[in-house]
Amino acid sequence: MLETIKKTLKQELEATLSNIYSLPLQVVIEEPKRRDQGDLSIPVFVISKALLIPLPDALKQVISALENSSVRPLLSKIFTLGGFVNLFLDKLAIAKEVIHQFKQGDSIYHANRPLSDKVVCIDYSSPNIAKPFSIGHLRSTIIGHALGNIFEKLGTKVVRINHLGDFGTQFGKTIYAYLHFGDKEAVSKDPINELVKLYVEFNERAKSDPSLDVEARRIFKELELGNVEFLALWQWMRDASLRDYMEVYQLLDVSFDSYAGEAFYNDKMQPIIDDLTQKGLLLEDDGAMIVDLGEQMPPALIQKTDGSTLYITRDLAALFYRKENYHFDECLYVVGNEQRLHFEQIKAVIEKMGYDFSPRVKHINFGLVLQDGKKMSTRKGKIVKLLDVLTEAIRLSLSYIEEKNPDLEDKERIAQKIGVSAVVFNDLKNYRANDFEFDLEGMVKFEGQTGPYLQYTSVRIQSILQAEDFEFNGVIDVSLFDDELYFEMIKQISIYQAIIQKAAEEYAPSVVAKYLLHLASLFNTFYGREKIMVENVLEKNTKKHLLSMVRAILNDGMKLLGMQIIEKM
RNA sequence: GACUCGGUAGCUCAGCUGGACAGAGCAGUGGCUUCCUAAGCCAUUGGUCGAAGGUUCGAAUCCUUUCCGGGUCGCCA
């Protein structure tokens with residue numbers, strides 16, 4: 001609603017004024033920070049400069065255009081303030097309109113109708129087999145899942161792909177370690193943890209004995225060619241890992257359309273290599289095959305000296321496979337900052353090959369989780385296991401419940417939802433590309449700008465609404481919305497759709513997260529100030545209706561972020 | 001060294017396609033539970049927006065330089 005008004009004003013002002021002066025014009029409509037400056041604001045400096053007229057004339061023209069605007073009935077006051085023209089909205093008219101639209105389901109559900117036939121592939125989570133599910137992959141999982149939800153909300157078809165890291169030289173290393181110094185009994189008991197120990201030990205030993213790396217590459221090369229013994233080991237590791245990951249996915253309530261990992265593309269790389277060769281792009285350098293990408297970028301290494309392939313080779317194959325099978329409009333990769341160069345190279349390679357879809361391939365980068373200010377590294381054994389973090393969060397939320405509401409039914413289940421959502425929200429509330437220091441306490445905090453705060457707010461509203469039978473009859477006391485706080489809530493409700501849109505445009509779930517915090521905080525202020533179960537039925541119904549709108553949006557937003565909705569806590 | 005991302009309150013961060021006196025949460029301080037869950041609310045302390053120049057009527061926001069930190073830089077993924 002608010003967004004519609006802004007858009008309309010912008011278009012009308014631009015049309016009217018640029019028509020009068022026959023000059024192109026871009027009008028900016030802002031929201032002033034201070035309440036007494038109005039609801040909307042138009043900096044006229046800009047207009048006066050663009051139209052080459054003195055400021056006073058520009059002010060006059062803007063005001064007269066506003067007076068004749070089609071949304072004039074929704075404006076209560078238009079006035080100048082310095083070089084700005086500011087205006088107040090007609091609170092009652094807006095409130096009436098927003099409530100009406102909401103009743104039609106527009107504010108929340110409108111966006112649910114298919115609005116496009118766009119297809120977006122999202123490559124996320126993608127843990128590395130034979131390693132524990134790490135915090136880094138948690139970030140990818142949470143961000144990717146939330147983005148998928150946001151796009152679906154906007155009517156986009158989303159293909160969720162878990163591009164498992166299930167191939168590559170690392171398996172040569174792990175297999176070597178397992179065969180040469182692995183304790184087979186220990187491994188079969190606790191595969192992932194033991195395998196990662198072996199992997200770390202391998203890297204340790206390889207430091208003083210480089211022949212190990214050579215041997216590992218040989219094993220991978222054979223694996224790639226189909227060595228039965230290695231293949232069986234590999235399959236077993238993959239299965240064991242996947243079982244572990246499923247536990248995490250179940251807790252997070254995420255699922256995928258495809259688990260085609262790197263190994264899946266083992267037989268799909270040759271056509272790419274042929275294509276590159278045919279186009280004369282594949283050059284030999286130091287015995288390896290590369291694609292030269294010019295001055296700005298290091299070359300892309302496509303084939304190793306021994307002919308075996310690399311990450312980028314399989315990623316290229318995956319990209320073409322997705323292009324052919326999903327016909328994506330966009331292919332997103334939710335992968336950490338440190339792989340920036342990798343994706344720039346992929347894009348550069350497909351451009352060199354003469355394909356035009358590189359702009360539709362996007363690296364949705366996210367910040368590293370640091371430990372002591374440095375990147376964590378599996379190779380060096382520095383690793384934080386996600387399951388431990390989630391378990392801790394659940395344990396803490398259970399102790400919170402014991403303290404606050406010991407009689408609550410179904411405590412364990414609710415503690416799980418609170419704990420997991422706390423971790424999810426903690427990740428999404430900040431802009432994704434920021435690095436952050438690993439901080440367990442921060443991840444499981446329950447006060448302030450946190451997941452539990454949102455859940456708590458929703459639960460509070462729920463318990464008020466449930467206090468008595470309530471059937472909204474559509475009759476409200478609009479005059480209440482003359483109040484600043486009521487009106488601010490109405491404004492926020494009215495921009496929910498625009499918020500989702502913005503989150504999608506910026507690939508930034510944090511936009512939704514910040515918005516929900518603000519909305520929740522408004523309600524809590526309201527709750528502290530207003531008695532809701534008042535005698536006056538009309539007033540009570542109006543308040544309850546306002547709250548039900550807030551709750552509907554909170555719940556909808558939390559679901560988008562991949563959080564869990566609860567009724568009681 | 002090259003490229004790249006970041007440096008805003010004690011801490012975690014928003015604001016960054018230039019706009020009006022720089023905003024939240026946490027921590028600190030002082031209040032609020034006969035009445036819908038205090039995982040809350042209210043009030044309050046706290047900032048020369050890393051530094052220096054520049055562009056502009058106007059800069060946290062754009063440009064240049066510089067300092068500090070992270071990341072990446074052919075046979076890992």
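To find a chain, count down the sequence lines: A is the first, B the second, and so on, and within it residues start at 1.
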Side chain of [X] only, heavy atoms from C-beta on: which candidate in [options] is closest?
X	options	value
A:N434	B:A14, B:U4, B:G71	B:A14
A:I532	B:C36, B:G40, B:G71	B:C36
A:Y456	B:G71, B:A39, B:A77	B:A39

Using a cut-off of 4.0 Å on non-hydrogen atoms, how would the nucleic acid contact of [X] be classed: base, sugar-phosphate, or nothing?
X	value
A:Q345	nothing
A:I418	base
A:N337	nothing
A:R529	nothing
A:N86	base
A:G168	sugar-phosphate

Open item on the list: Which is it for B:U33, anti or syn, if anything within 90° of zero counts as syn?
Closed with: syn
- [ ] Look at the side chain of A:K173 and the backbone N and O of A:R217, then say whether any donor-acceptor pair between them is shorter than 3.5 Å.
- [x]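 Absent.
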Open item on the list: Rounding to an integer number of angstrom, what distance separates B:C62 and B:U8 when you compare their P atoms?
Closed with: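 Here B:C62 and B:U8 have their P atoms 16 Å from each other.
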Task: Distance between P atoms of B:G50 and B:A60 (Å, rounded) - done: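 Going atom to atom, P in each nucleotide, I get 10 Å.
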Open item on the list: Please report the distance, rounded to the nearest Å, between NZ in A:K375 and C1' in B:A77.
Closed with: 9 Å
Task: Base of B:A20 and ring of A:F84 stacked, centres under 5.5 Å, planes under 30° - done: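 Ring-base stacking flag set for A:F84 and B:A20.
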Open item on the list: Taking the basic N atoms (NZ, or NE/NH1/NH2) and the acidic carboxylate oxygens, is any pair closer than 4.0 Å for A:E488 and A:R35?
Closed with: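 Looking at A:R35 together with A:E488, the answer is no, because their closest N to O distance does not fall below 4.0 Å.
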Task: Carboxylate-amine/guanidinium proximity below 4.0 Å for A:K221 and A:D306 - done: no
